[in-house]
Amino acid sequence: MHRTYVKVLEDVLDANGTIAAANRDDFDRAGVTVVNLMSAPGAGKTTLLERSLRGLDVRVGVVEGDVASTLDADRIAQLHVSVVQIDTDPSFGGECHLDANMVRSALPSLPLDELDLVLIENVGNLVCPAEFLVGEHHRVMVSSVAEGEDKPLKYPLMFRACELVIVNKIDLLPHLDFDLDRYLHNLDAVHPGVDRLLVSAKTGEGVDAWREWLVRVGRREAVPA
Amino acid sequence: MHELSLASAIVDTVERHAGGRPVTVITMRVGALRQVVPESLELYVELVGRGTVCAGARLELEVVPARLACCGAEWEPPSFRCPSCGGGGTVVSGDEFLVESIQVEEVEACIART
């Protein structure tokens with residue numbers, strides 16, 4: 001018996017990337033723009049979707065990712081948009097993120113040809129979702145002021161992975177010690193110049209700008225810097 | 001949790017290259033920007049690798065420091081902002097996540113002659 005050295009030089013996430021590319025091809029063939037929405041648990045992704053999807057001027061579908069339950073999909077279904085729930089617990093080992101294969105498994109449940117825009121609400125987690133492409137065209141993260149202004153410095157991987165940061169729960173600012181200027185300074189330190197929108201999914205403040213962003217990407221118009 | 005997901009992907013990658021042979025060493029290059037805790041990754045590769053060709057394999061990690069570049073200068077995080085122009089620097093190194101090589105056992109004696 002002897003030992004052999006085998007050169008591999010392969011990115012560990014190549015296999016996921018291959019499936020993500022297949023998803024992306026399917027989305028492009030159907031003319032659908034896909035947005036991967038990521039955040040920590042409780043940042044307000046589902047509430048933001050509830051606030052922003054009703055009466056949107058593009059045809060929307062939603063993929064809900066959670067470890068367990070259909071609570072979020074049930075909420076989104078009230079808006080009369082196509083929704084499919086992926087629970088990672090029973091089928092995918094309780095994974096803390098969606099990967100390309102999980103999203104691929106959900107595609108037959110969505111009428112892609114009848115949609116302009118699909119929002120994928122990822123599992124709440126500030127690390128893993130940033131690692132796994134799912135075939136999306138845009139990556140957006142929701143960050144709430146209740147999480148503290150140091151989060152960009154603690155989770156640079158996530159804050160660097162997105163092109164737009166939605167700063168949610170700004171209605172809470174008067175009640176918190178959160179220093180918004182310092183937060184934005186920290187955000188610019190890890191992702192200089194990244195687009196940001198200040199919103200309150202609860203009061204609706206700033207949500208129109210987010211809706212306009214969704215319509216623009218849903219129509220595949222250039223998003224102004 | 002992060003390391004658990006990545007450990008599964010590592011074991012999958014190694015299995016594709018091992019050709020069924022038992023793996024003794026997995027050598028990886030991991031960039032500092034990947035926010036991986038080496039001890040945690042070792043533990044999970046050991047767990048996920050049980051019952052596969054990776055069972056008992058030693059994980060050797062080379063952590064690649066993060067370097068950013070812009071305006072002719074290079075620097076290290078935490079700041080990703082160019083000290084000269086204020087723009088975002090380009091990542092020169094630090095986002096690698098590669099299985100560089102593996103060491104496998106050739107078990108000729110086990111191949112039955114028919």
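In what follows, chains are A, B, ... by sequence order, proteins preceding strands, each numbered from 1.
In this structure the side chain of B:Glu105 never reaches within 4.5 angstrom of the side chain of A:His2, judged on heavy atoms. Side-chain contact between B:Leu6 and A:Glu131: present, with at least one pair of heavy atoms (C-beta onward) separated by less than 4.5 Å.
Both the backbone and the side chain of B:Ile10 come within less than 4.5 Å of a heavy atom in chain A. Contact annotation for A:Leu157: both backbone and side-chain heavy atoms come within less than 4.5 Å of a heavy atom of chain B. For chain A, the nearby parts of B:Glu100 are the backbone and the side chain; heavy atoms of each come within less than 4.5 Å. Contacts between B:Val91 and chain A at a heavy-atom distance below 4.5 Å involve the side chain alone, from C-beta outward.
Residues of residues 8-20 of chain A placed with any heavy atom under 4.5 Å of a heavy atom in chain B are listed by number as A:Val8, A:Leu9, A:Glu10, A:Asp11, A:Val12, A:Leu13, A:Ala15. Residues of residues 12-27 of chain B lying under 4.5 angstrom from chain A, judged on non-hydrogen atoms, are B:Thr13, B:Arg16, B:His17, B:Arg21, B:Thr24 in numerical order. Listed by sequence position, B:Pro78, B:Ser79, B:Phe80, B:Arg81 are the residues of residues 76-84 of chain B in contact with chain A, using a 4.5 angstrom heavy-atom cutoff. Close approach to chain A, defined as a heavy atom under 4.5 Å from one of its heavy atoms, is seen in no residue of residues 51-72 of chain B.
Considering all non-hydrogen atoms of both residues, B:Gly88 and A:Pro192 come closest at CA-CG, 3.5 Å.
For CZ of A:Arg182, the number of neighbouring non-hydrogen atoms (other residues, nucleotides, ligands) closer than 6.0 Å is 12 at most.
Considering only heavy-atom pairs separated by less than 4.5 Å from chain B, the leading option among A:Asn186, A:Val194, A:Asp99, A:Asp188 is A:Asp188. Between chain B and the residues A:Arg160, A:Lys7, A:His97, the most heavy-atom pairs under 4.5 angstrom are made by A:Arg160. In terms of non-hydrogen atom pairs under 4.5 Å with chain A, the most contact-rich of B:Gly86, B:Ala9, B:Gly89 is B:Ala9.
If you take SG on A:Cys128 and CD on B:Glu3, they are separated by 7.5 Å, rounding to the nearest 0.5 Å.
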